[in-house]
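Inspection log for the structure reproduced underneath, given as structure tokens.
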Amino acid sequence: MQRHSSLVPLSHEHKRLLFVCRYLKKDAAPYEGFPLETQAKFEYVVRIFQEVMVPHIQKEDHLFEKCSGLNPAVDKAIAELQTEHRAISRIYTMLSDSDNLDDDMDLLANSLEAHIRKEERSFFELLQQELPQVLDNLRLE
């Protein structure tokens, strides 16, 4: 299904965040300009969370707010996604005190990747089917 234009900015950010997930995993392949040393990966994830993730979650919260209370299936999906947002946030927060940064960054990467894929493959499709009129009036730039 073609992505609704109001969801495209989120999908673009998801693509960027999926790259971050690949990079943070323990089995990450070398990628030009992205050192695989633990501290370098940690500094990168902190920067990306501040630059991309925080505004991204604010946009998703706005989306959730606009779509809440209109459809039981959408409400259930939003509740699950919000629980995952909190879990990902907790994992990210725990990185600064981590005893095993490589394992914890791998956990963050896998959790975030699964969450993004759920949003892209299930949630956005559900919104497009059930709440197209909400998406028509939504701006997430």
- Taking atom types as modelled, find out whether Ser111 and Glu84 have a side-chain donor-acceptor pair closer than 3.5 angstrom. no
- Query: Distance from Leu108 atom CG to Ile91 atom CD1, nearest 0.5 Å?
  - Reply: 6.0 Å
- Check: Lys66 and Leu131 side chains under 4.5 Å, non-hydrogen atoms: no
- Query: Hey, are the side chains of Phe123 and Leu63 touching, using non-hydrogen atoms and a 4.5 Å cut-off?
  - Reply: yes
- Task: Assess the side chains of Gln129 and Glu125: does a donor N or O sit below 3.5 Å from an acceptor N or O?
- Result: no
- Minimum heavy-atom distance between Asn137 and Gln133, given as atom pair plus value: ND2-O, 3.0 Å
- Task: Compare all side-chain heavy atoms of Glu120 with those of Ser11 and state whether any distance is below 4.5 angstrom.
- Result: yes
- Task: Check step by step if side-chain contact (heavy atoms from CB on, under 4.5 Å) holds for Leu24 and Val45.
- Result: CA-CA 8 Å; Leu24 291 181; Val45 74; 3.5 Å; yes
- Rounded to the nearest 0.5 Å, what separation is found between the NE2 atom of His62 and the CD atom of Glu65? 7.0 Å
- Item | Any Glu60 side-chain heavy atom under 4.5 Å of Glu119 side chain | yes
- Message: Contact between Arg22 and Phe34 at the side-chain level, heavy atoms closer than 4.5 Å - yes or no?
- Response: no
- Here the pair of heavy atoms bringing Asp136 nearest to His4 is OD1-NE2, 2.7 Å
- In terms of side-chain heavy atoms, does His56 have a donor or acceptor partner in Glu13 at a distance below 3.5 Å? yes
- Message: For the aromatic rings, using the six-membered ring if either is Trp, is the centroid distance between Tyr44 and Phe49 under 6.0 Å?
- Response: no
- Message: Between Lys76 and Glu80, does any NZ, NE, NH1 or NH2 come within less than 4.0 Å of an OD or OE carboxylate oxygen?
- Response: yes
- Query: Is a side-chain donor or acceptor of Ser98 paired with a backbone partner of Asp104 at a separation under 3.5 angstrom?
  - Reply: no
- Task: Report yes if some heavy atom in the side chain of Val52 is under 4.5 Å from a heavy atom in the side chain of Arg16; otherwise report no.
- Result: yes
- Message: Ignoring hydrogens and geometry beyond distance, is a side-chain donor-acceptor pair present between Asp106 and Asn110 at under 3.5 Å?
- Response: yes
- Message: Can you confirm whether more than 12 heavy atoms, excluding those of Phe19, are under 6.0 Å from its CZ atom?
- Response: yes
- State whether Lys118 and Glu113 are salt-bridged, where the test is any N-O pair (Lys NZ or Arg NE/NH1/NH2 against Asp/Glu carboxylate O) under 4.0 Å. no
- Query: Taking C-beta and beyond as the side chain, do Arg90 and Arg86 meet within less than 4.5 Å on heavy atoms?
  - Reply: yes
- Task: Please name the pair of heavy atoms, one in Val74 and one in Asn71, separated by the smallest distance, quoted to 0.1 Å.
- Result: N-OD1, 3.0 Å
- Message: Quick one, Asp61 with Ile57, criterion side-chain contact (heavy atoms from CB on, under 4.5 Å). Give me CA distance, side-chain angles, the key distance, then yes/no.
- Response: CA-CA 6 Å; Asp61 285 344; Ile57 287 179; 3.8 Å; yes
- Query: Quick one: are Leu112 and Met53 in side-chain contact, heavy atoms under 4.5 Å?
  - Reply: yes
- Query: When rounded to the nearest 0.5 angstrom, what is the spacing between CG in Asp99 and CE in Met94?
  - Reply: 10.0 Å
- Message: Between Leu101 and Lys41, is the side-chain contact (heavy atoms from CB on, under 4.5 Å) condition met? List the steps.
- Response: CA-CA 9 Å; Leu101 206 44; Lys41 287 167 86 172; over 6 Å; no
- Item | Aromatic ring proximity, centroids under 6.0 angstrom, His14 and Phe124 | yes
- Task: Kindly check if the number of other-residue, nucleotide or ligand heavy atoms within 6.0 Å of NZ (Lys25) is above 12?
- Result: yes
- Residue pair Cys67 / Asp75: nearest heavy atoms and the distance that separates them: O-OD1, 3.9 Å
